[in-house]
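Letters go in sequence order (proteins before strands), and every chain restarts at 1.
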Amino acid sequence: MNYPYIEEFRHSLVEWFHQEKRDLPWRRTSDPYKIWVSEVMLQQTRVDTVIPYYNRFLDKYPTLQSLAYAPQEELLKMWEGLGYYSRARNLQAGVKEVVEKYDAIVPDTRHDISKLKGIGPYTAGAILSIAYNKPEHAVDGNVMRVLSRVLHITEDIAVPKTKKVFEEAVDALIDEDYPGDFNQALMDLGAMICTPTSPKCLLCPVRDYCTAFQEGDADQLPIKSKKTKTKKVKFDVFVAIDKEGKYLVEKRKEEGLLANMWQFPMIELNENANSIESFQHNYNVIILEKADDKDLNFKHIFSHLTWELNCIFVQVEQQSTLPNDALFLAMDSIQALPMPVPMLKIMNVLN
DNA sequence: GACTCGTGGCC
DNA sequence: TGGCCAAGAGT
C-alpha cells in the first residue's frame with residue numbers, strides 16, 4: 001500500500017473501531033496485569049468462552065501479588081474447562097517473576113516482556129500496544145486473515161516463517177498515535193466483518209483499500225495448508241469405589257497432556273494386556289464387584305488426538321499402599337480438584 | 001520447523 | 001458427522 005492510502009486506511013480502520021468496537025470486560029481497564037490475563041486466556045480461545053473465566057479469575061486474583069503465590073491446584077481449578085492448562089502455569093510463573101524481579105511492574109519493552117513465561121510475539125505486542133500505547137505489532141490469526149486480504153498476501157499462513165511478512169506489514173501500517181486501537185481494530189474487524197467464511201465486505205470500513213475486495217477473491221484468502229489427522233487412543237477408565245464410598249483418583253504427571261490435572265485411573269488398551277488385571281496390579285486393589293448394569297462409553301476429541309473411553313464401574317478393596325499421586329477421596333473432595341472435561345463428564349454420571 | 005497442547009461451536 | 005476452527009506458546 002502506498003502513501004497517502006496508508007493514512008486513509010489507518011483513519012478509516014480506527015474510526016470504525018471507535019464506533020463499533022465490542023464492549024468487553026478487558027476493555028474497561030488499563031491495568032497491564034488484567035490485559036495480560038485476558039490475552040493469555042484468549043490464545044486459541046473464543047471471546048464468548050473467555051468472558052466468564054476472565055471475570056471469575058480476576059475476582060479471585062485481582063492483583064499480580066494475589067496470583068503469584070496462589071496454590072497451583074486452586075489456580076488449575078479456576079482454569080478448569082478452558083483448556084491449554086500450561087497457560088495457567090506459565091502465566092503464574094510470569095506474574096511471579098514480575099513481582100519479584102520487576103517490583104510488580106509489568107515490563108514495557110518487547111525485550112523484557114518477551115522473556116516472561118507464556119508471553120510470545122503476539123501477547124507481547126498486544127500488552128505493549130493496548131496497555132502501554134507502544135507501536136508494536138500483535139499478529140494473530142485475525143490480523144493475518146485481514147491483511148492477507150487487504151494486501152493480497154498469498155503465502156501459506158500455516159508456515160511459521162510467513163508471520164514475519166505480516167509483522168512487517170503491521171510495522172508499516174500501524175497508527176503510532178493509537179497503536180492499541182489499531183491492533184484491536186484489526187482483530188475486531190477479523191471477528192466481526194472480515195470473517196473466515198462469508199466476509200461482510202459490503203460493510204467493511206476499509207474495502208476501498210482492500211485488494212482482495214477489488215479482485216473479488218476475499219473468501220479465497222488466506223491460504224492455509226491442511227493439518228494431519230488426529231490419532232486414536234483407547235482406554236478403560238476405572239471408576240472404583242471402596243467400602244466407605246470413596247472414589248479412587250490420581251494426579252496426572254507434571255508435564256505433557258493435561259499436566260497436573262486429576263482423573264479416574266485410565267489403562268491404555270493394548271492387544272497383549274488385560275486392563276482389569278493391570279488395574280488391580282498397578283493400584284494394589286482387588287475388584288469385589290463389577291457393575292455391569294452401568295455403561296458409559298464416549299469419545300473425547302483433543303486438537304491432536306482422540307480418546308476413546310470405556311468406563312468400568314467397580315467396587316474394590318485396597319490390598320496395600322497406593323501408588324504416588326493416587327488416593328481414595330469422597331465425592332465432595334474430588335469436586336474441589338481440577339479435572340479435565342472428559343472426567344467431568346464421568347462425574348456428572350455419578351451425581 | 002514440526003509437534004504438542006483443550007475445548008466448544010459451527011456447518 | 002467430521003473437519004475446521006479461535007486473540008499462540010513451548011519444546
Side-chain angles (χ1 to χ4, degrees), chain A residues 21-22 24-27 35-54 76 79-91 93-94 113-131 137-147 156-164 166-167 170 180 182-192 194-198 222 224-233 252-261 263 299-307 338-345:
Chain A
K21 64 180 174 182
R22 292 170 291 178
L24 302 171
W26 44 89
R27 288 181 175 167
I35 291 167
W36 180 3
V37 170
S38 76
E39 291 300 340
V40 171
M41 287 188 169
L42 286 163
Q43 291 167 8
Q44 298 291 285
T45 311
R46 289 185 150 75
V47 167
D48 290 343
T49 302
V50 166
I51 289 173
Y53 281 91
Y54 174 84
L76 280 176
W79 210 271
E80 181 183 78
L82 195 54
Y84 286 143
Y85 299 99
S86 65
R87 291 184 295 176
R89 184 181 38 181
N90 289 336
L91 173 61
I113 203 171
S114 296
K115 291 179 180 174
L116 300 172
K117 289 234 173 61
I119 298 187
Y122 163 76
T123 304
I127 296 171
L128 292 173
S129 64
I130 297 170
H137 58 252
V139 174
D140 69 343
N142 282 311
V143 173
M144 288 198 284
R145 181 173 61 256
V146 170
L147 292 184
D156 184 357
I157 66 167
V159 177
K161 197 173 73 175
T162 303
K163 191 163 70 172
K164 185 163 183 274
F166 291 93
E167 289 171 344
V170 172
F182 180 88
N183 283 336
Q184 293 181 91
L186 285 178
M187 290 187 274
D188 265 26
L189 192 68
M192 301 162 68
C194 197
T195 47
T197 60
S198 308
K224 187 175 187 180
S225 57
K226 295 177 183 175
K227 296 178 182 176
T228 56
K229 292 181 181 177
T230 62
K231 296 178 181 177
K232 293 180 182 177
V233 194
R252 292 177 62 85
K253 294 181 293 186
E254 27 184 300
E255 292 186 349
L257 182 66
L258 304 171
N260 292 324
M261 303 289 279
Q263 65 183 12
K299 289 183 182 178
H300 185 78
I301 303 169
F302 297 95
S303 44
H304 60 297
L305 62 92
T306 297
W307 278 0
M339 302 185 93
V341 165
M343 294 299 145
L344 295 175
K345 289 180 181 172

Does A:Gly256 reach a base, just sugar-phosphate, or nothing at all? Heavy atoms under 4.0 Å.
sugar-phosphate

Spacing of A:Ile119 atom CD1 and A:Leu91 atom CG [to the nearest 0.5 Å]:
8.0 Å

Looking at every strand, decide which applies to A:Thr123 at a 4.0 Å heavy-atom threshold: base, sugar-phosphate, or nothing.
sugar-phosphate

Could you give the OH-to-P distance, from A:Tyr122 to C:dG10, as a whole number of Å?
14 Å

Identify whether the distance between the nearest side-chain nitrogen and carboxylate oxygen of A:Arg22 and A:Asp188 falls below 4.0 Å.
yes

Centres of the A:Trp307 and A:Phe302 rings: under 6.0 Å?
yes

Over all atoms of both residues, closest heavy-atom pair of A:Val146 and A:Leu186:
CG2-O, 3.6 Å

Interatomic distance at P, B:dG8 relative to C:dA9, whole Å
23 Å

Which part of the nucleic acid, if any, lies within contact of A:Arg252, taking any heavy atom under 4.0 Å across all strands shown: a base, the sugar-phosphate backbone alone, or nothing?
nothing

Least distance between heavy atoms, A:Leu76 atom then A:Ala259 atom:
CD1-O, 4.2 Å

Search all heavy atoms of A:Asn183 against all heavy atoms of A:Gly125 and return the closest pair with its distance.
ND2-O, 4.3 Å

Give one of base, sugar-phosphate or nothing for A:Lys231, where a contact means two heavy atoms less than 4.0 Å apart.
nothing

Looking at every heavy atom in both A:Gln44 and A:Tyr84, which two are closest together, and how far apart are they?
CB-CE1, 3.6 Å

A:Asn90 CG to C:dT11 C1', in whole Å, measures 11 Å

Going 5' to 3' along DNA chain B, which are the first and last nucleotides with any atom under 4.0 Å from a heavy atom of chain A?
B:dT4 to B:dG8

Using a cut-off of 4.0 Å on non-hydrogen atoms, how would the nucleic acid contact of A:Asp48 be classed: base, sugar-phosphate, or nothing?
nothing

Just checking A:Ile130: base, sugar-phosphate only, or nothing, at a heavy-atom cut-off of under 4.0 Å?
nothing

Using every non-hydrogen atom in the two residues, find where A:Asp156 and A:Ser225 come nearest and quote the distance to one decimal.
OD2-OG, 2.8 Å

Of all of residues 79-87 of chain A, which get a heavy atom below 4.0 angstrom from DNA chain B, listed by number?
A:Gly81, A:Leu82, A:Gly83, A:Tyr84, A:Tyr85

Take the protein atom CD of A:Gln43 and the nucleotide atom C1' of C:dG10, then report the distance between them rounded to whole Å.
11 Å

At under 4.0 Å between heavy atoms, what does A:Ile301 touch on the DNA or RNA strands: base, sugar-phosphate, or nothing?
base

Taking the same atom, P, in B:dC5 and in C:dG2, what whole-Å distance lies between them?
23 Å

Will you find, in the side chains of A:Thr45 and A:Arg87, an N or O donor that is under 3.5 Å from an N or O acceptor?
yes

Scan A:Thr45 against the nucleic acid and name what it touches under 4.0 Å (heavy atoms): base, sugar-phosphate only, or nothing.
base

Over all strands shown, is A:Val47 touching base, sugar-phosphate only, or nothing at heavy-atom distances under 4.0 angstrom?
base

Touch class at under 4.0 angstrom, heavy-atom based, for A:Arg22 against every strand present:
base

Is A:Asp140 salt-bridged to A:Arg145, going by a charged N under 4.0 Å from an acidic O?
no

A:Gln44 CD - C:dC4 C1' separation (whole Å):
12 Å

C:dA6 and B:dG1: how far apart are their C1' atoms, nearest whole angstrom?
23 Å

